[in-house]
Structure formats: C-alpha cells, structure tokens
Amino acid sequence: MAQWQGQSRGTPLGYKIFLFLLNRVGVRAAYLLLIPVSLYYVLFVPKATKAIYYYFHNRLNYSPIRALLRTRLNFLVFGQTIVDKFAIMGGMKNAYSYEFDGEENLIEMANTTGGILIGAHMGNWDVASQFLNDIQKPFNIVMYENELESMKKLFDQALKEKKIKIIAIKQDLSHIFEIKKAFENKELLCFHGDRFLEGSKFIEVDFLGEKAKFPHGPFYLATKFKMPYSFVYAMKEPALHYHLYASKGKINTGSVEDLVEIYKTQLEEKVKKYPLQWFNYYQFWNH
Amino acid sequence: MNTVMTMDEVVSITNKFLVEEFEVELSSIQPDAPVKETLELDSLDYVDLVVLIDSHFGFKVQQQDFKGIITFQDFYYFLYNRVK
C-alpha cells in the first residue's frame, strides 16, 4: 500500500510547549514563539524549503529575493495555522472571527445526501467543522495513517467532543468499512485532494503551468458513488480571522479526470488568492 | 440473494462486474492472477469492491474477509463459500 513518506517533525514536547503558551498566555504569545521555530525549519529542513521556494519562484514567477522572503513567511504562517488548530479545537474558538461563503451548501449536504468534501493542504480546512454549529452529523476526515498519528493523540478529546471522526487509511483496510458506513449513514467525508502518494493511483494534470500528480481516490469515490462533492477551504486572514468557503454540492456526471480538472482550476484560484498558504512541503511538480 | 449459486455462476457474475467496474480485460482475470495487482486496487478502490460484492451477492464483507485473498481463485472461493 502506498504510504506518505513525509515526516511530521513536530514532537509531542513541542506541541505541549505551544499548548502551555496558548492556555496560559494566549494565541499571540504562541505566534511569537513561532518566529525562531519557523526559521529553524527554513534552515534545517532543506527539502521543504526548496519545494516551497520552487513553488514561489518557478510556479508563481516571484523574483528570487521575493520568493525567498515568501518562503520564510510561508513557514511562519503554516506554524500559525497549527497553533490556530490547537486553539480552536481546544475550545478557544471565540478568540477568532470568521466568515463563511457557502455554509448553507454544507448544511444542505449534511441534512440530505451526505457528501464528499475535498480540501487541500492549504489554509486550515480541518478547523472548518468547528465553525459549523448547525451540522449535527460527524465529519469523517480521511487521512493517511503516518500523516496524522502524532496529531491525533493530542486532538483525541477535542475530536470526540466536536463530532470529528478521523478515518486512517491503513494496511488492514479497516478504513474501507468506515468509509462505507459513512456513505450508508449519509455523512460527510473529507479528503485532501492535492496529495499524491508514491505507489498509489494518480491523475496528472497541468497545475500552475506544470504537470503535477493528484490522487485518484477522492475523485473516484465521488464519481463512482455519485456523491455530491464540495470543495472546502478555511483560509487564514489577518487578525485571527478565518474565511471559509464551501462550493455548492454537485454530482460529477463526467469522468474522474473531469472532476480533477474542475478541482485543480478552483485550487489554482485559491492559491493565487492566498499564495502564502500552500503547505505541500515536498516536490509537488514533476520537474 | 437467496438462491443457491454454483461456482460457475459466482465466477461469471464476478468477472462481469470486475470487467465493467474496474475496466480490465477479461483475459487478464486468471484464477492464479493476483487480485490487487490485476485490478490495480488502490487503498480507496476497495470501498468499491466491497459495495459491488454487497450488491451482487447480497452479503456484507467484513474486514477479516480480505485476509487470505491473494488470487482470483481465492476470491471466487471466498464468494462461493458465502453464497452456496
């Protein structure tokens, strides 16, 4: 089975330090600590730095200096989204403001057919559910086991309270039955649509001017089971504000490839609007 | 599905939906061929397979059922033993 080979470098101790700061001092204190921490990542995680620099310089056509500065900022904003995740899931939601374009789309799906929500490694989409008070059904977030394990432990209590279920894609195929059950219960299933893993099926499309691989699975499930799909984002904006987006639920009547094309087109729009919040820290394009 | 099925019927029904749903050539579905590689099953494709079994044979597959299914022969026997 294909597996995510990337590393989650944050340690439980690191997370606990941030949690301590969050609880005792507040969000902005945790943000301050991120300044040296994010610089460390820029300097000592060269693969990630190179990947993000490539994105800014080669795909968004920023000058070398601007691309470098933006790379530094990208790491900082990524850290802030993680802090926000802890804060929001830990019960500090009221410290944040938010606006929601398309909340009614998710409510409609949740109350009728269920559906597939496709996000990306952009912004902080897994906190979106925390701002949805009118949806009683659980959100099933489907993720690769290696990618989520350390976070899951820390979020466990919050996940139980907030009606979030994480479905880990595992070797033992237990995820199949959880996904099937969610379908049968007409629940919402959330996937990242932008992370292709070596060894798994992919669909290659032109993304920001260069070929890139997108995962086959989420788009296949939406198409095959004729489930309404919605593209969802929770983008960070200044002053502890989030802008959430959910497109109207639609059923794909075309091919899986057609759906990937639709996805990548709107993803390009979001990337251009929020360039600092692209968080795929690996060689995304086929260069 | 309440009627008793023969092994030939199980093989026929199975091959038909595999060809239609997984877009593979019938000739590639050989008893000793590996299921996963032949159908190019991804981690999420198994959801489809489970739903197809449910709809064509009328029983729910359990997680442990996949253990021991390597080849199509294994797969046919598993299905046959559940519906015979």
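The chains referred to below are lettered A, B, ... by the order of the sequence lines, with proteins before strands, and numbering in each begins at 1.
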Between [atom1] of [X] and [atom2] of [Y], what distance do you get to the nearest 0.5 Å?
X: A:Lys181; Y: B:Lys60; atom1: NZ; atom2: NZ; answer: 11.5 Å
X: A:Lys224; Y: B:Leu44; atom1: NZ; atom2: CG; answer: 13.5 Å
X: A:Asp172; Y: B:Gln63; atom1: CG; atom2: CD; answer: 4.5 Å
X: A:Phe177; Y: B:Asp65; atom1: CZ; atom2: CG; answer: 7.0 Å
X: B:Asp45; Y: A:Lys201; atom1: CG; atom2: NZ; answer: 3.5 Å

Check your understanding: Between A:Tyr220 and B:Asp42, is a side-chain hydrogen bond (donor to acceptor under 3.5 Å, both in side chains) present by the stated rule, with each step listed?
Key -> CA-CA 11 Å; A:Tyr220 171 79; B:Asp42 202 344; over 6 Å; no
For [X], does the [atom1] atom have more than 12 heavy-atom neighbours from other residues, nucleotides or ligands under 6.0 Å away?
X: B:Glu40; atom1: CD; answer: no
X: A:Lys137; atom1: NZ; answer: yes
X: B:Tyr77; atom1: OH; answer: no
X: B:Glu23; atom1: CD; answer: no

Check your understanding: In terms of heavy-atom proximity below 4.5 Å to chain A, should B:Lys67 be classed as side chain, backbone, both, or neither?
Key ->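 For B:Lys67, no heavy atom lies under 4.5 Å from chain A.
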Check your understanding: Which region of B:Gln64, side chain (C-beta onward) or backbone (N, CA, C, O), has a non-hydrogen atom less than 4.5 Å from a non-hydrogen atom of chain A, or is it both or neither?
Key ->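 B:Gln64 has no heavy atom closer than 4.5 Å to chain A.
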Can you tell me which portion of [X] sits under 4.5 Å from chain B's heavy atoms? Options are side chain, backbone, both or neither.
X: A:Glu178; result: neither
X: A:Pro215; result: neither
X: A:Phe202; result: neither

Check your understanding: Which atoms form the tightest heavy-atom contact between B:Val47 and A:Ile176, and what is the distance?
Key ->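 Result for this residue pair: CA-CG2, 3.6 Å.
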Practice item. For the pair A:His175 (side chain) and B:Ser43 (backbone), establish whether a donor and an acceptor sit closer than 3.5 Å, ignoring hydrogens and angles. Key: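 Pair found, side chain donor or acceptor close to backbone of B:Ser43.
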